[in-house]
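Data block below; observations after.
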Amino acid sequence: MSSTTPITIGDAVASLLRDGMPLRFTAYDGSTAGPADAEIGLHLRNERGLSYILTAPGDLGMARAYVSGDLDIEGVHPGDPYPAMLMLQRHLQFRRPSISEALKLVRGLGISHLKPPPPPVQEHLPRWRRAVEGLRHSMARDAEVIAHHYDVSNRFYELVLGPSMTYTCAVYADEATTLEQAQAAKYDLICQKLALQPGQRLLDVGCGWGGMVRHAAREYGVRVLGVTLSLEQALWAKERIDAEGLSDLAEVRHLDYREVVEHNFDAVSSIGLTEHIGVGNYPAYFGFLRSKLRPGGRLLNHCITRADNRPTQTGAFIDRYVFPDGELTGSGTIVSAVQNAGLEVQHAENLRLHYARTLAGWCANLETNWDECVAEVGEGTARVWGLYMAGSRIAFERGEIELHHVLATRNHADGRSGFPMRPDWQP
């Protein structure tokens, strides 16, 4: 073809695939690619979607087109696009075109499509802009990015997470265990690992909607302080604590964990907060948590980890749409940081496959309650969540990310930890 010959979008897509198109692709120009009888398909609805894809190659451009409604996934529900994403990850392999070929494709599709459209409103600022406008992991910037993710809508989270309002990995006993049962089992496992007893004091940092706070107070008679940077979470948690008659034992504050002034807690739980801290801040973080424990007290750190300890930057979609400033590393780095803070690591456990199943449950809830979720937060935001949760499920299944519990003690000066010779909780 000549440098000015128009080409169809379908032809352009097909020309860049290494092993052919595994699903049906259709575009607004009437062109197609892939098998006509495929159960799953992609439909590019308009020129803006093409511009998104051309100006941000990779997952960010596709995400922009999908979130804005310019790209549809056919044959699956947007609340749970897991089957389509699994197929795309396994079979959709694009090759990198040569410079001359890329120029011909762009000219054939129209150079005007290289003007980037404004990103969808759900997209957060890129890393460099956030760096210019605020120090990473400062209290102000952490509050901003936490609000971006968690202050979406409490009603939306109720519909997706279910009655537990727990946005962390559940623990499943067997195939018959429900999501709600598994979330209660997770909290109970943490309480057992911390050896909580009536009358003790627990600090729960990054407490979310207060699930751990209420469980420990209700089931173990512990006095619990939970802190969260999300005002919406704190308000919801207080209402639920009052409704359950737990206000004499449980409290949730809208507060940065670094502003907690109380000391001598018997236990500290950090469930899903470490992902937001930043690896460079681990020494200060675990040192701070240690300072809150009495000698003989225990820390349980529950967080998503990577399968290795090499520095790896979060993908553009996750960074812009889901967890701005989020940072993951391997469990070895977590263990080292805990040890270097002066704590003794007593036990570590990987719950990777439990998180894959947890995400499947959340996607099922999003699909079941799709219309109400869209009415609550808009279709674009609902699409972000379906995409993010289904993609995360695949990452856990493939072993690309994991979920680790690290249990540690602050020992007495003479080395006494109070930890038994063997773990004494139920597996």
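Quick caveat, the model's predicted, so the values are computed rather than measured.
- Look at D204 and R214 and you find no salt bridge, because none of the NZ, NE, NH1 or NH2 atoms lies under 4.0 Å from a carboxylate O.
- Remark: K193 engages E349 in a salt bridge, criterion side-chain N to carboxylate O under 4.0 Å.
- Counting only N and O atoms by type, the side chains of S270 and Y285 include a donor and acceptor under 3.5 Å apart.
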Derivation and outcome, side-chain contact (heavy atoms from CB on, under 4.5 Å), residues Y172 and Q181: CA-CA 8 Å; Y172 291 83; Q181 291 169 337; over 6 Å; no
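- Although no hydrogens or angles enter the test, the distance criterion places a donor-acceptor pair under 3.5 Å between the side chain of S68 and the main chain of R64.
- With a 4.5 Å cut-off on side-chain heavy atoms, L60 and Y321 count as touching.
- Side-chain contact between D242 and K238: present, with at least one pair of heavy atoms (C-beta onward) separated by less than 4.5 Å.
- Salt bridge present: E244 and R218 bring a charged side-chain N and a carboxylate O closer than 4.0 Å.
- The aromatic rings of F419 and W425 lie perpendicular to each other, with more than 60° between the two planes, well past the 30° mark.
- Side chains of Y82 and E397: a donor-acceptor N/O pair is present below 3.5 angstrom, by distance only.
- Distance NE2/H354 to NZ/K186: 11.5 Å, rounded to 0.5 Å.
- Counting only N and O atoms by type, the side chains of D59 and Y66 include no donor and acceptor under 3.5 Å apart.
- Minimum heavy-atom separation, V279 to E327: N-OE1, 3.3 Å.
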Derivation of the ring pair (Phe, Tyr, Trp, His ring centres under 6.0 Å) call for W385 and Y167: CA-CA 13 Å; W385 280 84; Y167 185 36; 5.6 Å; yes
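- At a cut-off of 3.5 Å, with distance as the only test, a side-chain donor of N301 or T274 sits close to an acceptor on the other residue.
- Between the side chains of T8 and D29, not a single donor N or O lies within less than 3.5 Å of an accepting N or O.
- Side-chain contact check for N154 and E158: no donor-acceptor pair (N or O, by modelled atom type) lies under 3.5 Å.
- For the pair N340 (side chain) and S336 (backbone), a donor-acceptor distance under 3.5 Å is present.
- There is a side-chain donor-acceptor pair under 3.5 Å between D174 and T177.
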